Amino acid sequence: MRIKRAALAVDSWIDASLYTAGQRAGEAWVNFSGLFDRFAVRGGWRLAFEGASEAVNIGTAGCVVMLALAIPAFRETSEDWLKQQELAVTFLDRYGNEIGKRGILHDDSLKLEELPDHLIKAVLATEDRRFYSHFGIDVIGTMRALSANARASGVVQGGSSITQQLAKNLFLNNERSIERKVKEAFLAVWLETRLTKNEILKLYLDRAYMGGGTFGVAAAAEFYFGKNVKDISIAEAAMLAGLFKAPTRFAPHVNLPAARARANDVLANMVEAGFISEGQMLSARRNPATPVDRQRDLSPDYYLDWAFGEVQKMARDGLFGHERVLTVKTPLDPAIQKRAEEALENGLRQHGKTYGAKQGAIVVLDPDGAARAMVGGRDYGTSQFNRATDALRQPGSAFKPFVYTAALAAGLYKPNSTVVDAPVCIGNWCPNNYTRSYAGAMPLTSALARSINTIPVRMSLALGKGNAKAGRAKIIEMCRAMGLTTELKDTTSLPIGAAEVTVLDMAAGYAVLANGGRRARPYPALDVRNNHGETIWRHDADAKPAEQVVATSVVADMNFMLNKVVEAGTGRRAIIEGVQAAGKTGTTNAYRDAWFVGYTRRLVTAVWFGNDDYTSTNRMTGGTLPAMTWHEVMAFAHQGTETGPLPGLEGTAGAVAQAGDNRDADAAQSSGGNLSRRSFEVIESIGNLLRRPARPDRQATGGGNGYPAQIAQDGVRALGGRIALP
């Protein structure tokens with residue numbers, strides 16, 4: 001009962017409180033209404049006040065909407081919005097001559113007052129005559145453009161001010177949408193609050209796209225007229241000013257009549273604006289601007305594309321600070337580059353149909369990795385795909401030097417070690433030689449010279465102590481150390497060149513053997529300067545030092561063996577009279593790829609031939625067209641120069657083999673299986689006397705050339721039957 005009475009009391013209190021509050025609120029509203037009734041406006045004033053009230057309401061809502069639209073526009077900005085992110089790179093050859101440009105071809109090195117007055121007036125007369133009087137948006141110009149477009153039922157005039165166009169260039173894209181135009185308007189006003197009129201105009205003249213890959217009037221003047229922008233005439237200034245509207249359509253190297261017609265419109269605008277006289281206009285029309293011929297520009301485009309990509313990586317790594325206009329001196333040798341291009345094209349023109357090959361690639365490096373020449377295909381105009389840097393192709397037997405290097409580095413073999421060419425299987429995979437036969441015991445040097453396939457497979461087993469997968473892991477590790485950067489798939493056929501590599505990587509890997517065992521990273525820049533001519537990076541001072549990745553003793557042994565490949569093996573077509581060279585042929589299954597990669601003390605060159613669609617060639621091997629092309633390029637590059645012996649071969653031809661005997665004397669005595677230096681020389685001399693020229697159709701898979709059987713038997717008899725050769 002007590003609880004019930006308490007609940008009724010609480011309920012009564014709530015009801016009374018609500019009733020009292022309602023009464024007081026009603027009284028307050030009556031008092032409030034009575035107060036404002038005193039300000040009531042009647043008659044004509046009421047209409048004005050109602051309109052003003054609605055305007056305030058609409059204006060408030062409009063401000064909210066404008067703020068909502070402005071926020072996305074302002075998000076396009078950042079604290080470093082004036083920083084030019086794109087690179088503009090001018091490339092020079094090793095002698096300091098310009099060979100091409102890449103990037104946005106942008107030049108902002110001139111101040112506004114250094115630009116010709118008639119150029120600035122041509123731009124203002126055509127693009128924004130009230131530039132110095134509006135607040136970022138030319139309301140009068142916009143209304144005029146809307147009216148003209150309405151009458152023409154299309155877009156015939158643009159109403160964007162220079163500030164709006166700059167905002168679009170800096171922050172937005174060319175999308176035609178209301179959202180983009182709204183952002184552009186807000187950003188234009190924002191720019192006007194941040195920069196002076198002259199700063200805005202200068203940025204516009206520097207950043208606007210002018211066609212032909214150029215940005216800014218300075219770069220455009222150089223590209224179209226081959227002169228400094230300070231030296232252009234009124235007619236040339238008019239042609240440049242005409243590009244702002246539609247740079248692609250009015251580019252003079254693409255459509256000269258359209259460019260001149262547009263320039264005439266600009267000249268008329270300048271007269272109408274009072275910037276020049278009619279006499280000056282007529283004189284300019286009688287002597288129209290004539291651009292330089294850009295149709296037949298000859299430049300090492302594949303090289304420049306690769307070099308620009310490497311420079312971009314360096315810039316991303318912060319090696320150039322905030323500099324974006326760069327001049328890069330490259331190691332490119334224009335004479336070698338031209339000869340490489342001619343050799344590739346001539347080889348395919350003369351022999352391509354016979355061999356069924358349509359494409360090729362060549363890379364020439366200094367032993368330290370400096371890129372001397374690069375050919376990424378037959379015709380850059382037809383295909384910009386760089387087969388020297390981007391095409392992944394199987395190297396075949398050209399991969400074997402990496403396997404041999406790993407095996408020698410592990411101390412398992414020497415050049416005069418006896419190896420046996422006999423059947424070997426890993427699981428169900430059993431590699432064969434081209435002849436489908438086996439040659440028996442032979443020196444390791446002969447195995448490499450003859451490109452025997454079973455020996456690298458046996459090496460992988462030896463490296464892994466019977467575990468082929470562990471052995472292949474060591475081979476891949478050596479490949480990485482020597483400069484192969486592509487992913488090498490671990491398959492059973494890896495030791496005979498089934499993994500995919502690039503031509504550039506192959507050249508870099510062989511360069512390790514040419515320079516004495518140091519890593520050779522391909523590089524395109526000897527030094528880099530900013531737009532003020534100041535050197536900001538030098539390879540010899542700032543690049544990472546090359547680390548020793550292969551022991552000099554191993555390099556000496558490999559150079560000895562690979563020299564025999566050229567002088568007495570599958571690469572005899574690469575012999576350069578008077579120059580000691582080393583290298584290796586390579587041919588893949590079904591003759592899809594043919595390689596020759598070789599080097600001297602001075603240069604390293606990798607050559608590949610094949611087809612883009614991976615169709616087979618007509619039995620082309622590495623010892624045919626690739627070796628001949630290599631010879632043509634390298635023989636030219638070594639004209640008039642003295643080239644020393646390969647690292648480790650500074651003594652006699654047999655010095656390395658003899659050194660191998662001395663270092664491994666105990667093993668030789670105990671095993672009895674190693675040939676002496678004299679034995680190897682006997683074989684070599686017999687082969688040189690009796691060897692017949694190899695036929696392309698007798699070359700083994702992997703680029704091997706089999707020795708004639710009679711020569712081998714003669715060699716056996718000369719050695720008293722100590723070894724069995726085919």
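Computed from a predicted structure; not experimentally measured.
- Every residue two or more places apart in sequence or in another chain that forms a side-chain contact (heavy atoms from CB on, under 4.5 Å) with Arg316 is listed here: Gln312, Lys313.
- At least one side-chain heavy atom of Leu119 sits under 4.5 Å from a side-chain heavy atom of Val217.
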Determine, step by step, whether Leu166 and Leu187 satisfy the side chain to side chain contact (heavy atoms under 4.5 Å, CB included) criterion, reporting the C-alpha distance in whole Å, the side-chain angles of both residues, the deciding distance to 0.1 Å, and the verdict. CA-CA 9 Å; Leu166 176 62; Leu187 290 170; over 6 Å; no
Given side chain to side chain contact (heavy atoms under 4.5 Å, CB included), test Thr90 with Glu98 step by step and report yes or no. CA-CA 7 Å; Thr90 300; Glu98 184 176 324; 3.8 Å; yes
The test is side chain to side chain contact (heavy atoms under 4.5 Å, CB included); show your working for Ile234 and Leu267 and say whether it passes. CA-CA 9 Å; Ile234 292 178; Leu267 291 169; 3.8 Å; yes
List the steps and the verdict of side chain to side chain contact (heavy atoms under 4.5 Å, CB included) for Gln337 and Val375. CA-CA 8 Å; Gln337 174 70 30; Val375 185; 4.0 Å; yes
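- Side chain of Thr163 to main chain of Ala188: no donor-acceptor pair is present (N/O by atom type, distance under 3.5 Å, no hydrogens or angles).
- In terms of modelled atom types and a separation under 3.5 Å, the side chain of His118 and the main chain of Ile232 share a donor-acceptor contact.
- By the side-chain contact (heavy atoms from CB on, under 4.5 Å) test, Glu487 is found to be paired with no residue, residues two or more places apart in sequence or in another chain being considered.
- Between the Arg521 side chain and the Gly369 main chain, no donor and acceptor come within less than 3.5 Å of each other.
- Counting heavy atoms from C-beta outward, Met281 and Ile276 have side chains that approach closer than 4.5 Å.
- Looking at Asp128, its side chain does come within 3.5 Å of a backbone N or O of Ile162 through a donor-acceptor pair.
- Residues passing the side-chain hydrogen bond (donor to acceptor under 3.5 Å, both in side chains) test with Gln165 are Glu127, Tyr204, sequence neighbours excluded.
- Listed by chain and number, the residues in a side-chain hydrogen bond (donor to acceptor under 3.5 Å, both in side chains) with Tyr302 amount to none (sequence neighbours excluded).
- The pair Lys202-Glu113 does not meet the salt-bridge criterion, since no charged nitrogen lies less than 4.0 angstrom from a carboxylate oxygen.
- Under a 3.5 Å cut-off, the side chain of Asp368 and the backbone N or O of Ala370 do form a donor-acceptor pair.
- From Met374, atom CE reaches atom CD1 of Ile362 across 11.5 Å, with rounding to the nearest 0.5 Å.
- Remark: Phe244 CZ to Met210 CE distance equals 4.0 Å, nearest 0.5 Å.
- With Val328 as the partner, the side-chain contact (heavy atoms from CB on, under 4.5 Å) test is satisfied by one option alone out of Val311, Leu87, Leu304: Val311.
- At least one donor-acceptor pair under 3.5 Å links the side chain of Thr330 to the backbone N or O of Leu92.
- Not counting sequence neighbours, the partners of Asn198 by the side-chain contact (heavy atoms from CB on, under 4.5 Å) test are Leu112, Tyr132, Thr196.
- The structure places NZ of Lys197 at 5.0 Å from CZ of Phe131, a figure rounded to the nearest 0.5 Å.
- Legend: residues meeting salt bridge (Lys or Arg N to Asp or Glu O under 4.0 Å) with Lys329, ordered by chain and number and at least two apart, are absent.
- Contacts of Asp366 classified as side-chain hydrogen bond (donor to acceptor under 3.5 Å, both in side chains), with partners at least two apart in sequence or in another chain: Arg372.
- With sequence neighbours excluded, no residue forms a side-chain hydrogen bond (donor to acceptor under 3.5 Å, both in side chains) with Lys101.
- In this structure, Arg94 contributes its side chain and Leu332 its backbone to no donor-acceptor pair below 3.5 Å.
- Within the 4.5 Å cutoff, side-chain heavy atoms of Leu504 are placed close to those of Leu365.
- Residues satisfying the ring-ring contact (aromatic ring centres under 6.0 Å, His included) test with Tyr303, not counting sequence neighbours, are Trp306.
- Of the possible donor and acceptor atoms, none in the side chain of Tyr224 sits under 3.5 Å from a partner among the backbone N and O of Met239.
- No side-chain heavy atom of Val189 sits under 4.5 Å from any side-chain heavy atom of Glu192.
- Within the structure, no pair that satisfies the salt bridge (charged side-chain N to carboxylate O under 4.0 Å, His left out) test touches residues 247-265, not counting sequence neighbours.
- Under a cut-off of 6.0 angstrom, the local environment of CD in Glu278 is sparse, with at most 12 non-hydrogen atoms contributed by other residues, nucleotides or ligands.
- Under the 3.5 Å distance criterion, the side-chain polar atoms of Asn386 are left unmatched by any main-chain donor or acceptor of Asp390.
- Closest heavy-atom contact between Pro524 and Glu310: CG-CB, 3.6 Å.
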In sequence, state the C-alpha distance, the side-chain angles, and the governing distance for Lys338 and Asp333, and then conclude on salt bridge (charged side-chain N to carboxylate O under 4.0 Å, His left out). CA-CA 9 Å; Lys338 182 179 179 182; Asp333 188 311; over 6 Å; no
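- Remark: Tyr523 engages His539 in a ring-ring contact (aromatic ring centres under 6.0 Å, His included) (not counting sequence neighbours).
- Residues passing the ring-ring contact (aromatic ring centres under 6.0 Å, His included) test with Phe275: none are found, sequence neighbours excluded.
- Side-chain N or O atoms of Thr486 include one that pairs as donor or acceptor with a backbone N or O of Glu500 at under 3.5 Å.
- Between Arg194 and Glu199, the closest side-chain pair of non-hydrogen atoms is not below 4.5 Å.
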